[in-house]
Amino acid sequence: MSTTTAVTATTATSPARHDDVPAPAPAPTPPAEAADRARRLWSLLPVAALSGAAGYGFARVFPPSELLPVLAVAVPVPVVLSAVLSGLLGRRSAREGRRPAGTGSRPTTPLWPSALLTVVAWAAVVSATLFHEVSDGLPGGPALRAAWSALLDAPHALLSTILPAPGEPELLVLPHAVVWTAAAVSAELALRTRAPLLPALPAILAFGVPLVLGADGPGTSYPAAGVFAGAAALLVLVRSRVRIPLRALALRLPAVAALGLVAALLGPHLPGVGSPYDLRETAVTPPAARPQSTSPLDQVAAWMRNGDEEVFTVRTSGTAPGNYRLAVLDRYDGTTWSSGAGLTRTGGRVPAEKGAEPDRTKRLEQRFTVRSLPGIWLPAADRPTSVRTPEGTSLSVDPDSGVLSTGEAVPRGFTYTATSRLPEYDAERLRYAAAADDPARLRLPAVDAAGQPIPSVQSFRRIAERVTAGSTHPYQRAVRLADWLRATYRLDSGALPGHTYRNLEFFLADGGRGTSEQFAASFAVLGRTLGLPTRVAVGFRPGTRTGAGTWRVRGEDVLAWPEVGFAGVGWVPFHPTPGEVTQGGSSAVAVEEPEDSRQTDRETAGPARPSTPRTPDGPAPAAGGEPGSGVSLWLVAPVVPLLLVTGYVLYALWLPYRRRSRRRGDPDVRRRVLGAWQQITERLTEIGLPATGAHTAQEVAAFGAASVGGDVGLRLPELATLVNEVEYADRRPDAEAADAAWADCEAVESTVRQRVPRRTRLLRLLRSAAPGWSAPAWRR
């Protein structure tokens, strides 16, 4: 038909709703208001999920058992409170007739009552739960003041605590306040705005708090991030202004869950993902506490004099425990070996030794009961990974050495559980390992207070060089030094104590007898003159077995031994004391007594565990199959295709939604009308309209009228006329005409969904997302 005819016909026959003169916007009907309010209320469910996912990000900061009770209160209470207040205030506003000027939306409700009551509710809840012990029942009482003070101090305290932090009220108040605030603000945004994703913003900001504070914590944040992504997608789905029937919603909910799963699985492998920024590296934190306690090395002689006194009992998961380390002494001033430990509070986790990568480890769990243990230190096998103490006990750890402390005298009957990973060293790796770059553990005072050289230091250096002559590697020097001390001197539990320069010089030159105190101190001093970073450990042997996995440790089991630091390996224990080579599963390097120097050279092979031979250019042997050492090919092979298929399905489900949203949300009214007609044409092809692209708009309308029927079928010819005028006559319709076109489109889509089986629609979506597919064209 000609353009003139089309325009004339339209002018004569088009009803008022397609006229160029915009009609006043009608007031919304009560059903429309009810549907809008229902959509807002349903969106509170994904809002609660978002707040819960953001709160669970604190699982890297606190143990989940301590965190979950906090989230069980901080997530639902503010959401429910906002919903109840919104309903009460909304009904009051409706009675008073308050509505936004110039709109037909629901009555407005003031924000300040919700904000005030939310703050009051948080104060009441936190006073009754976390700080109930100091509560006097008054809103401004000691509990509230304690909560506010703890909230201000919590970030700084967490930055100076080894994670996971203990579940103390003074620390848990931070996630409680962050999650409560995020849930309350998100709920208010969900009830007061129409933006699909805006209510997720507070939860996003709240999720950033544990990401920063928990950068050094155990575990990963990717599962919480996956749940967060799925909840955000569900929020957009629920709040979308596009009407989604229950069938389509049931189809899209699994897609939302799959999106969260893909986000959790692919997150760790995204490009650029590496070690997170740790605020502890730059934050100004209080200096670590330096223990003011008697050196355990000075108590060795006293323990040996009271050899029958029971020090502690221990029940282990293994039958052959190693030595129990009590304290590590790494500073020597020529008179006393002391500890430079900087004790940091911990909730039970002991961080791994930096720069240490053992080849194999063996898990050992120990439960200690203290009988008579002076000082502030707690024994554990080697370097523990985690410790569980009775509730209310303050536990600190030295991140450098891994030693444990309560900060006060250990009472009789004190019980705790420690879990250790005992390293087993590779002989070949130790043979050629370089000494660690640790100047602090090489330091020896070489001059006296008057600035004069100390002769003892030169004497120690000459002895060490003579004993290790011909050695070419640090480990070989350490082995020869330990063998020489063990073969040359004798153990005497009654020897005089002391480890000053003069004591050690007398022991090496004239004494010939000493306790493990002199043997360990002599090795450490001689090793430092050779450039070996050394320190002295004090602890106990396994003790006497009294039952299945039960051991009794007495004073006579006290032992001191030196440790040498190797690059990439960590601190390796040596045993220069005669008869003190560790038995069973100790982490120490066992060195047999040599018969002559050639036997000593053979002993530089180190631990008895055979190592995998390799050529100099060949790859290093596997690291012992420890968990997390690599990703198995058998896992990658099925996971990658599964992820690709999942991604394609999600893309196919998202593509038509994106196309429809783009068409309906186009700022140009003309393109919105044409977009509605494109949607109608594509839907009609699903129920029999040939997708040849050779149909006029009137032919498409005639097919739709016959196939769809009802009022919408009668309106399609009229809409086809409007489409022709917009496309060819450059007609400028108003926004009401575009909305009416999309209302007709929604009616057609609803009819098509009822007629076409879900399986057929899903298969068509999957085919439509394939490369090279395009929507069917139509001719006006």
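Throughout, residue positions are numbered sequentially from 1 according to the sequence presented. Computation of the quantities below employed the complete heavy-atom set of this structure, encompassing side-chain atoms and omitting hydrogens, waters and symmetry-equivalent molecules.
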Sequence neighbours excluded and cut-off under 3.5 Å, please list the side-chain donor-acceptor pairs for residues 180-187, or say none.
residue: T181; atom: OG1; partner: A177; partner atom: O; Å: 2.8
residue: S186; atom: OG; partner: A182; partner atom: O; Å: 2.8
residue: S186; atom: OG; partner: P199; partner atom: O; Å: 2.9

Looking at T393 and P390, would you say the former's side chain and the latter's main chain have a donor-acceptor pair under 3.5 Å? yes
Check: T385 and V350 side chains under 4.5 Å, non-hydrogen atoms: no
Do any pairs count as a salt bridge (Lys or Arg N to Asp or Glu O under 4.0 Å) and have a residue in residues 666-676, sequence neighbours left out, and if so which ones? D666-R671, D668-R671, R670-D730
Any residue meeting side-chain contact (heavy atoms from CB on, under 4.5 Å) with S149, in chain and number order, not counting sequence neighbours: D153
For residues 200-212, which residue pairs pass the salt bridge (Lys or Arg N to Asp or Glu O under 4.0 Å) check, not counting sequence neighbours? none
Partner set under side-chain hydrogen bond (donor to acceptor under 3.5 Å, both in side chains) for T417, not counting sequence neighbours: R367
What I want to find out is whether E746 reaches R664 closely enough, with some N-O distance under 4.0 Å, to be called a salt bridge. yes
Does anything in residues 171-190 pair up under salt bridge (Lys or Arg N to Asp or Glu O under 4.0 Å), and if so which pairs, sequence neighbours excluded? E188-R192
Criterion side-chain contact (heavy atoms from CB on, under 4.5 Å) on R659 and Q678, from CA distance to verdict: CA-CA 10 Å; R659 184 185 301 121; Q678 287 178 305; over 6 Å; no
Sorted by chain and residue number, the side-chain hydrogen bond (donor to acceptor under 3.5 Å, both in side chains) partners of W742 (sequence neighbours excluded) come out as none
Partners of P218 by side-chain contact (heavy atoms from CB on, under 4.5 Å), sequence neighbours excluded? L163, P164, R349
Sidechain-backbone polar pair: S51 side chain, V47 backbone, donor-acceptor under 3.5 Å: yes
Does D734 form a side-chain contact (heavy atoms from CB on, under 4.5 Å) with V669? I'd like the steps, not just the answer. CA-CA 7 Å; D734 54 28; V669 179; 5.9 Å; no
S396: partners by side-chain contact (heavy atoms from CB on, under 4.5 Å), with sequence neighbours left out: L343
Which value, rounded to the nearest 0.5 Å, describes the distance between F58 atom CZ and L68 atom CG? 13.5 Å
Counting heavy atoms not belonging to F228, are there more than 12 under 6.0 Å from its CZ? yes
Kindly give the heavy-atom pair with the smallest separation between R60 and T220, and that separation in Å. CD-C, 3.8 Å
Going through the distances and angles, do V79 and V77 end up as a side-chain contact (heavy atoms from CB on, under 4.5 Å)? CA-CA 5 Å; V79 174; V77 173; over 6 Å; no
Could you tell me if the side chain of R39 sits less than 4.5 Å from the side chain of R194, heavy atoms only? no
Where do F207 and A224 come nearest, in terms of heavy atoms and distance? CE1-CB, 4.1 Å
Salt bridge (Lys or Arg N to Asp or Glu O under 4.0 Å) contacts in which one or both residues fall within residues 167-184, not counting sequence neighbours: E168-R345
Main-chain N/O of V125 paired with T129 side-chain donor or acceptor, under 3.5 Å: yes
Sequence neighbours excluded, which residues qualify as side-chain hydrogen bond (donor to acceptor under 3.5 Å, both in side chains) partners of S43? R239
Taking side-chain contact (heavy atoms from CB on, under 4.5 Å) as the definition, give me every residue that meets it alongside A232, ordered by chain and number, with sequence neighbours left out. L50, L197
Looking only at non-hydrogen atoms, find the nearest pair between P399 and V397 and report the distance. CD-O, 3.3 Å
Check: Y56 and V227 side chains under 4.5 Å, non-hydrogen atoms: no
Just do the side-chain contact (heavy atoms from CB on, under 4.5 Å) check on L71 and V179 with the steps written out, would you? CA-CA 7 Å; L71 299 183; V179 176; 3.9 Å; yes
